Amino acid sequence: MMNYYSPLTYVVPPDEEGFYLKTILQNRMGLSRKLLSRLKLTEQGITVNGNREYISIKVKSGDVVEIRMQEEESEDILPQDLPLEILFEDEHLLIVNKQSGMIVHPTHGHYLNTVANAAVHHWKERGENVRFRPVHRLDQETSGVLAIAKNPYVHQQISEQMIAHSITKEYLAIVYGTVAEERGTIDAPIDRDPEQPHVRIVTPSGYRAVTHYEVVRRYDGITLVRLMLETGRTHQIRVHMKHLGHPLLGDKMYGPEADAQGRTGDGSVSGEAATAEAEGTRVAAEDAGAGRAVGEAAHDDAGAECAAGKAAHENARAERAAGEAMHENARAVFAGTPAQSAPELARQALHAYRLGFIHPGTRERVEFTAPLPADMQAVLDACE
C-alpha cells in the first residue's frame with residue numbers, strides 16, 4: 001500500500017467553471033510537466049472531489065482538486081543525532097538556522113555532520129518519511145536561515161520563485177573598513193578565476209551579478225552591512241564586497257590575508273605568487289639542465305612546449321587582469337585600512353538573516369529570520 005503526504009487542495013472558483021483539469025493543475029496549482037506526469041501514474045496522485053480523474057475533464061465551480069505525492073526517504077543519507085535549530089516546520093517545509101561550520105548536504109569525503117544528516121534523524125524521530133531537498137545552499141562557514149522542502153511540489157514552487165527573483169534573501173555581514181556610502185548597488189559580472197577555478201572574480205566576461213547593500217552601523221575599523229541579493233552567483237557577496245574594497249572579516253579566500261600571502265583559503269598558491277613560484281622552478285630546472293649533456297633538439301622541443309604553455313597562461317592572466325582593473329580604485333581605498341585594526345573571527349562574517357517567499361501550501365507570503373550568531377555579535381560588542 002502506498003503512503004502519501006498530506007494533500008494540496010484547490011477549490012475551483014465560479015469564474016473557472018469549464019476549465020480543463022490540466023489547466024487548473026498547471027496554471028493554478030503550478031505543477032510542472034514532470035511532476036504532473038509523475039502524479040498521473042499514482043493511484044491517488046490527482047483527485048477531484050475524492051475521485052481519480054483524467055486531466056482532460058472539465059471542472060465545475062466548487063470542485064475540490066487535490067494532489068498527493070508518495071512519501072519518500074533519503075536512503076543514501078545516514079540519520080545522525082545532531083543539534084538542529086528549527087525556526088519553523090509544517091507538513092510542507094522545514095526552516096532551520098544553520099550553524100557555521102556545517103555543510104548542507106553530504107559530499108565526497110563529508111558523509112556525516114551535515115544538515116541533511118540532522119534533518120533525516122529529526123524526521124525519523126517524528127515517524128516521517130521525507131527526502132532531504134534543500135531549496136538553496138549556504139557555504140559551510142555561512143550561518144543563518146535555510147529552507148528545506150519536504151516534497152517535490154514545494155521544492156519546485158520555491159525554486160521557480162527563486163528563478164523569478166521574487167524571493168527575499170537578506171544577509172548581514174561584517175566587513176573591513178568604513179563603508180562610505182549609506183547604501184548602494186554592486187552590478188559587476190562574476191566568473192571563475194582562470195588560474196584558480198574554485199575561486200570567483202569580477203571580470204567583464206563574467207555572468208551578471210547584482211548585490212544591493214546598506215550600512216547598518218559603522219564601528220572602528222569595521223562596518224556591519226545588510227545585503228540583498230538580486231542574483232545568486234557562487235560566493236557573490238564575498239566577491240562583490242572585496243570588489244567594493246571591503247572584504248568580509250575572517251574570509252580566508254577573499255580577505256586581505258589571502259591577497260597578502262598570494263594564497264587562497266585552502267593554502268594553494270594563487271595569482272602573482274603562483275606565477276613567481278612557477279617561474280622560479282622553471283629557471284632552476286633550466287640552470288640544472290644546462291649542466292647536463294642534453295641534446296639541442298630535445299632542448300628546443302621542450303622550449304617550444306614551454307612557450308605554448310606560457311602563451312595559454314598569459315591569456316588567462318590577461319582576463320584576470322581585466323577583472324582586477326575593474327576594482328583597482330576600490331582596493332586602493334581599502335589599502336588605507338589595515339586588517340589588523342579589526343577583531344579576528346574564525347570564519348567569514350556572513351549570516352543569512354532573512355528569507356521570504358510565497359508558501360506553496362498556504363499561498364501566503366511568509367518570512368523567517370535568524371538572529372545574529374554569537375561569534376559575530378562578539379566582534380561587534382568588542383568594538384563598542
Side-chain angles (χ1 to χ4, degrees), residues 97-98 100 136 138-139 141-146 165 167-190 200-202 209-259 265 326-327 329-356 367-384:
N97 180 13
K98 187 185 91 67
S100 172
H136 57 114
L138 296 177
D139 289 343
E141 293 187 359
T142 302
S143 55
V145 183
L146 177 70
H165 304 299
I167 282 186
T168 300
K169 296 174 74 175
E170 185 177 313
Y171 293 77
L172 291 174
I174 303 173
V175 301
Y176 285 108
T178 302
V179 178
E181 301 295 330
E182 290 297 326
R183 59 184 51 83
T185 296
I186 308 169
D187 188 344
I190 292 174
R200 267 59 176 180
I201 59 171
V202 168
V210 180
T211 303
H212 307 283
Y213 69 91
E214 61 181 48
V215 171
V216 177
R217 186 174 177 184
R218 298 179 181 89
Y219 298 81
D220 182 19
I222 60 174
T223 305
L224 177 65
V225 293
R226 179 181 293 111
L227 303 118
M228 287 70 70
L229 293 180
E230 188 172 317
T231 56
R233 306 300 176 195
T234 300
H235 299 172
Q236 179 172 317
I237 288 176
R238 299 163 66 188
V239 174
H240 269 176
M241 291 312 294
K242 176 182 179 180
H243 172 71
L244 189 66
H246 299 281
L248 270 61
L249 197 71
D251 195 332
K252 302 176 185 66
M253 184 174 288
Y254 299 103
E257 293 86 356
D259 285 342
M326 292 183 68
H327 63 271
N329 291 337
R331 289 170 63 191
V333 170
F334 175 68
T337 306
Q340 57 266 29
S341 67
E344 293 185 359
L345 192 67
R347 52 101 172 190
Q348 64 206 28
L350 183 61
H351 178 68
Y353 173 68
R354 187 191 310 274
L355 183 67
E367 282 196 350
F368 306 99
T369 61
L372 201 67
D375 59 346
M376 290 178 62
Q377 187 61 54
V379 169
L380 301 181
D381 292 342
C383 293
E384 288 285 358

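Values below: every heavy atom of this structure, side chains too, minus hydrogens, waters and symmetry copies. Source: prediction; values computed, not measured.
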Heavy atoms of A209 and R233 approach each other most closely as CB-CG, 3.7 Å

Between T142 and the options R238, K98, Q348, the side-chain hydrogen bond (donor to acceptor under 3.5 Å, both in side chains) test singles out Q348

Side-chain (K169) to main-chain (E230) donor-acceptor, under 3.5 angstrom: no

CG (L224) and SG (C383) are apart, to the nearest 0.5 Å, by 10.5 Å

So, do I222 and L380 sit near enough that their side-chain heavy atoms are less than 4.5 Å apart? yes

So the salt bridge (charged side-chain N to carboxylate O under 4.0 Å, His left out) pairs with at least one residue in residues 174-184 (sequence neighbours excluded) are E182-R218

Of all heavy-atom pairs linking H240 and A188, the shortest is NE2-O, 2.8 Å

Answer yes or no: is there a donor N or O on one side and an acceptor on the other, between the side chain of T168 and the main chain of L355, under 3.5 Å?
no

Output for pair (D139 CG, E141 CD), nearest 0.5 Å, gives 8.0 Å

Between the OG atom in S100 and the CZ atom in R347, the distance rounded to the nearest 0.5 Å is 4.0 Å

- Message: Assess whether a salt bridge exists between E170 and R354, defined as any Lys/Arg side-chain N lying under 4.0 Å from an Asp/Glu carboxylate O.
- Response: yes

>> Is it the case that the side chains of H351 and Y171 hold a donor-acceptor pair, with the cut-off being a distance below 3.5 Å and no angle test?
In response: no

Closest heavy-atom pair, H235 versus Y254, reported as atoms and distance to 0.1 Å, is ND1-OH, 2.7 Å

What's the verdict on side-chain contact (heavy atoms from CB on, under 4.5 Å) for L249 and V175, showing C-alpha distance, side-chain angles and the deciding distance? CA-CA 5 Å; L249 197 71; V175 301; over 6 Å; no

**Message:** So K242 and I201, do their side chains get closer than 4.5 Å, heavy atoms only?
**Reply:** no

Exercise for the section: Kindly indicate whether the side chain of L172, heavy atoms from C-beta on, has any atom under 4.5 Å from the side chain of V216. Expected result: yes

Nearest heavy-atom contact between L248 and A349 is CD2-O, 3.9 Å

Taken to the nearest 0.5 Å, the spacing of D187 CG from T211 OG1 works out to 9.0 Å

Residues pairing under ring-ring contact (aromatic ring centres under 6.0 Å, His included) where one sits in residues 209-229, two or more places apart or in two chains, turn out to be none

Interatomic distance, OG1@T185 vs CD@E214, rounded to 0.5 Å, equals 10.5 Å

What one should report as the nearest heavy-atom pair of T231 and L229 is O-CB, 3.4 Å

Task: Flag, side chain of T223 to backbone of V179, donor-acceptor distance under 3.5 Å - done: yes

Heavy-atom closest pair (L138 atom, S143 atom, distance to 0.1 Å) is CD1-O, 4.2 Å

**Asked** Quick one: does D375's side chain get under 4.5 Å of L345's, heavy atoms only?
**Response** yes

Output for pair (L350 CG, I237 CD1), nearest 0.5 Å, gives 5.0 Å

Keeping H246 on the side-chain end and Y176 on the backbone end, is there a donor-acceptor pair under 3.5 Å? yes

Next item on the list: Kindly indicate, with the supporting measurements, whether the criterion side-chain contact (heavy atoms from CB on, under 4.5 Å) is fulfilled by V202 and V239.
Entry: CA-CA 7 Å; V202 168; V239 174; 3.8 Å; yes

Original post:
Side chain of Q377, backbone of A374: donor and acceptor closer than 3.5 Å?
Top reply: no

